[in-house]
Amino acid sequence: MMPNRTDMKIFLSLTFMLLLFAALPTFGQSKVVTGQVFSKKDNKPITGASVILKGTAVGTASDIQGRYKLRVEREEFTLIFSYIGYQPQEVSFYDDDQVDVYLIPLEGAEEAFGPVVQPQEIPKREKSEADLIDNVPFQSFDRALQGRVPGLLITSVNGIPGGLINARIRGVGSIFAGNDPLYIVDGVLINSESISGFTHANPLAFLNPNEIASIEVLRDAASTAIYGNQGANGVVLVTTKKGKIGRTRVGLNAYAGEIMPIKLFDLLDGPQWFALRRDAFRNSDATNPEARALANMGALPQNWNELSPEALEEIGLSLPSYDWQGQMIGRSMVQNYELNVSGGTETTSYYLAGSYHFSGSTFDPVDFERGTLRASISQKIGDKISLETNVNLASIGQNIPFATEGQFLGNPAFASSMILRHNPIFNDDGSFNEQIGGLSSQNVALVNEFNSGKTTSRYGIGNLVLNYQITDEIKYRGSLGADYRDQDEFRFRDPRTPDGRDVDGRNSVGTRQLRRWMNLHTINWSKKIEDNFLSVYVGYEYLSEDRDAVVSETIGISTPGLNNLIPGSTLVFSDTLWTGYRRQGAFIGSNYEFQEKYHIHIGVRFDGSSRFGANYRYGLFPFAKVAWDISKEDFLNEGSGLSQLKLRASWGRSGNDQIGDFGAFGFYGEGNTYAGQQGIRIRAFDNANLRWETNQTINFGLDFGFWQNRLSGSIDVFERRTRDLLLDFPVLLNTGTDRFLRNAGLLRNRGIELELNSLNLQRGSFSWATTIIFSFIENEVLSLYDGLQAIPENPRWAVGQPVGNPAFQGQASPGAWFLAEYAGVNPATGRPMWFDVNGNYTYLPTDEDRVYFGSNFPPYFGGFNNTFRWGGFELSTLFTYQFGAVVSDGQYGFLRDNGNRFTFNALSEVNDRAWRAPGDMTDIPRDFALSGGDAARSRIRNFGTAPLLFSDFIRLSEVKFAYVFKPSFLNSMGLQQASIYAQGVNLWTFSNYPGYDPEFMGSGTGHIPVHKSYIFGIQLGF
């Protein structure tokens, strides 16, 4: 029987009184432990060190950087660390999940280094798998995962510092519902949706990436199903750094550097644009082509009709040129400072950290400024009880852009390349020139100087956890978690700018809050009987979220100094918003292991969400996973060099409820007036049968390793099917609404994921290691509804075609491109052509001539990382790549138009290859200014697939060069660790992409592009 509302209130009251929880710990008795193995002689990492679970054959080996990672199906255990020529070390794990180990050489160990000390008591270099993203100058950790995880596609939405990141795990699994993965930080489920109205405020930017100890990305359904509702799109588990047993340690880290644009457009100057338009009018057989071209530019002299064509031509070809791009796009600074203190005893451990980060952008004044405080404390109470708490506080300020996306003439990111360059930026007296010729009539330098806006966000994220060892075999874990965020925003349109002039200034303000509370309780039972290990777990989870906002706008703000208040003489509107939802789930599962070779994990989760209809609010989501560790079998030849071989298979279902909070509820709203009285009308229909969108995934995987894991990796093949798609159906307008959310249709993603790690060379103190990440994912709509092959109102969603990647949360998938196929230019006339439905050339294609042309989701993507070490020096490089995505770049589209539809500027490379004479073979049509008879008529040059681009690229995403000082040098200075480093991001891109940058999401019209950066820093440990 499903729990009722009264039962829930009683349960929550008891939960609050007990002050228990956390969010989603490791279920069953499974734990992933990580760390690094060093030589105590010189503090250098040991490659190929053996890490074995005591009493078993389960184990792994350390990689080129000495790092190890092992999943153990129990919570308390001992690992044995060993390496040829070193004393073995045994380390017991209880609540810890990260330990670095220092091995001591066998010969002369006592004399050289003193008595053997327990590894966890030795001062350590704080190293982990998260070292890969250390000190990368990103504001959020999700951006740093690009190219590092199979099946995970990371794309910057744009270059706004602290802006949103588009993350997709194993493709696009929904058309109208959300596709974002679930992020869990130290057990707290994070709401990753931006609530800002004026900029992109990435909620994950609350956490300093350098505070992360480990990141694990769960992709298969058997791993993600246990995490409930949002697990359908994958799960990203983040564990931050914790205190460890030993003396107090102090760490300092600081870096600073410069950011700059990746690319600037090569645009036409004043005389070149005049010549372009003059030739366009000549091709159109227009009279006075020179005068018409000057008129387009706003540069036609008053006595033009008294001047000869030659004189007008001389005026056009002698026009000046000004660098609007150089004025609006520039360089800025990035700086980061961190301090942490950690330590612990057998009963208490602590980790305290604070940081400050600032990053500008290539478009001043857009920037990002963050201050953070973090505390992680663990306390044992007797032998059976322990308490943990993790608290993250952050304050973030962002000076906002004119617009985050879209074509706005006042948007500097859009108009800086569009303004005709004969227009001066400043007058002779230094004031802004407001007489801008051409359609883009605004001086965007003036707009950027006088308009303003800011978003201030405050975060409080943390939890309180209680662990109780009831018996030797039964353990309880409970926790309370919170995700709190509030934002204050304002945006001011100055009366001295075109957007504020007509209303004497415009001020928009908003206050937004998000409150998310969660609790989770689990009970684990485990038992080992001879060669058998069995564990059973049960749990219950509840989550509550509320959001509210107040937004207002006034006009008549004639005093610019009052731009952050709301003293306007006229209130345009003021509105309030509240929304929220509730989730709960119960689960049960079991792990069974036989002879450390055969593993079975099965379970089921029962989830409920308030977002669905009353008849289908709950869903049942089972899962199963089996594994066979073949390398443990006796029949394998020990001399084969095989160090690991494990075969895996899994199947599972998980639900997706990432839709609006009230999509299943009918409600009324304001209607038309009648006889002077306000009426009401239906705004949405009640939908009691709205139910879960379900992802079902089957996965086959193989983990392998050879020659003590000098070559290791994994390969996975999967198929993910989304059933009961949440589709937005159109309905007749006379019903009072135009949309209705229903379940229908089937979507499939399938692919291959590969990870390879190799130690290519090791000679003395020199080593070279490589990691290769490759992913291939294709998606396809298998069915829709009512037998339709395409949705009538938007045929981009069609059976047999892929769906695209939505740029932002809450947006529907853009579907496949469905356009008339561009056929190039008629070499005889220079007119653009398309293919009709029969494959023949046509100048005027119709809707019936459209074809499907791929989507904006790249089927191929990944990364290629190399690490070189020699002595204390380290050089690492990361290349990322993606292939196969087809995109529409609005910024490039306007510039490709070559001045034919608007008085916007044009690209030199487009203008250079435009058709000019019979016989020219090119894809850029003739310049044509006026419409004529049938012989001259044609679709506009950017019609159909003509402006679409392949966003293929290979990018040198990161380069890091570091030097770690020797211990003998540091000891005399009282230091335990010291290193200096230099790092570059987005340094080089190999691509034929003609826009600002191939990595973006959305329309590309007026977005701030991604930038490159260089930093220099220092790390110290005391």
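Owing to the predicted nature of the structure, the values given are computational and were not obtained by experimental measurement.
- No hydrogens or angles considered: a donor-acceptor pair under 3.5 Å links the side chains of Glu693 and Ser174.
- Under 4.0 Å is where a charged nitrogen must lie from a carboxylate oxygen, and between Glu388 and Arg477 at least one such pair does.
- With rounding to the nearest 0.5 angstrom, the OH atom of Tyr183 is 14.0 Å from the CG atom of Asp483.
- Classified by interplanar angle (parallel below 30°, tilted 30° to 60°, perpendicular above 60°), the ring pair Trp628/Tyr598 is parallel.
- Here the straight-line distance linking atom CD1 of Ile385 with atom OH of Tyr468 works out to 6.0 Å at 0.5 Å rounding.
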Apply side chain to side chain donor-acceptor pair (under 3.5 Å) to residues Gln696 and Arg653 and explain how you reach the verdict. CA-CA 4 Å; Gln696 178 173 292; Arg653 290 178 183 167; 2.8 Å; yes
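- Residues Phe706 and Ser643 approach most closely at N-OG, 3.4 Å, considering heavy atoms.
- In summary, the side chains of Asp383 and Gln469 do not present any donor paired with an acceptor at a separation below 3.5 Å, with no hydrogens or angles considered.
- Between Phe606 and Tyr618, the ring planes are parallel. Angles under 30° get that label, and only those over 60° would be called perpendicular.
- Salt-bridge annotation for Arg374 and Glu211: present, with a side-chain N of the basic residue lying under 4.0 Å from a carboxylate O of the acidic one.
- You'll find the ring centres of Phe612 and Trp692 inside the 6.0 Å limit.
- Side-chain contact check for Leu534 versus Trp525: some heavy-atom pair is nearer than 4.5 Å.
- In this structure the side chain of Tyr540 never reaches within 4.5 angstrom of the side chain of Leu520, judged on heavy atoms.
- For the side-chain hydrogen bond (donor to acceptor under 3.5 Å, both in side chains) test with Arg720, the passing option among Asp220, Asn233, Asn749 is Asn233; the others fail.
- A side-chain hydrogen bond (donor to acceptor under 3.5 Å, both in side chains) with His599 is found for exactly one of Lys625, Arg648, Glu593, Lys646, namely Glu593.
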Worked verdict on Lys527 versus Glu473 for salt bridge (Lys or Arg N to Asp or Glu O under 4.0 Å): CA-CA 6 Å; Lys527 183 73 172 178; Glu473 299 171 351; 2.6 Å; yes
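- For the pair Lys69 and Thr60, the minimum side-chain heavy-atom distance is 4.5 Å or more.
- Checked by atom type, the side-chain pair Asn695/Arg170 shows no donor-acceptor distance below 3.5 Å.
- In the model, Arg582 has a side-chain atom that pairs as donor or acceptor with a side-chain atom of Ser544 under 3.5 Å.
- For the atom pair Asn709 CG and Trp707 CH2, the distance stands at 11.0 Å (nearest 0.5 Å).
- You'll find the side chain of Ile588 stays beyond 4.5 Å of the side chain of Tyr537, heavy atoms only.
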Should Lys597 and Glu633 be marked as a salt bridge (Lys or Arg N to Asp or Glu O under 4.0 Å) after you check the CA-CA gap, both sets of side-chain angles, and the distance that decides it? CA-CA 8 Å; Lys597 301 175 185 178; Glu633 296 290 353; 3.5 Å; yes
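- Heavy atoms of other residues, nucleotides or ligands lying less than 6.0 angstrom from CH2 of Trp651 number more than 12.
- Asn463 pairs in a side-chain hydrogen bond (donor to acceptor under 3.5 Å, both in side chains) with only one of the listed residues (Asn390, Asn392, Asp186, Asn519), which is Asn390.
- A cation-pi contact, defined as under 6.0 Å to the ring centre and within 45° of the axis, is absent between Arg583 and Tyr542.
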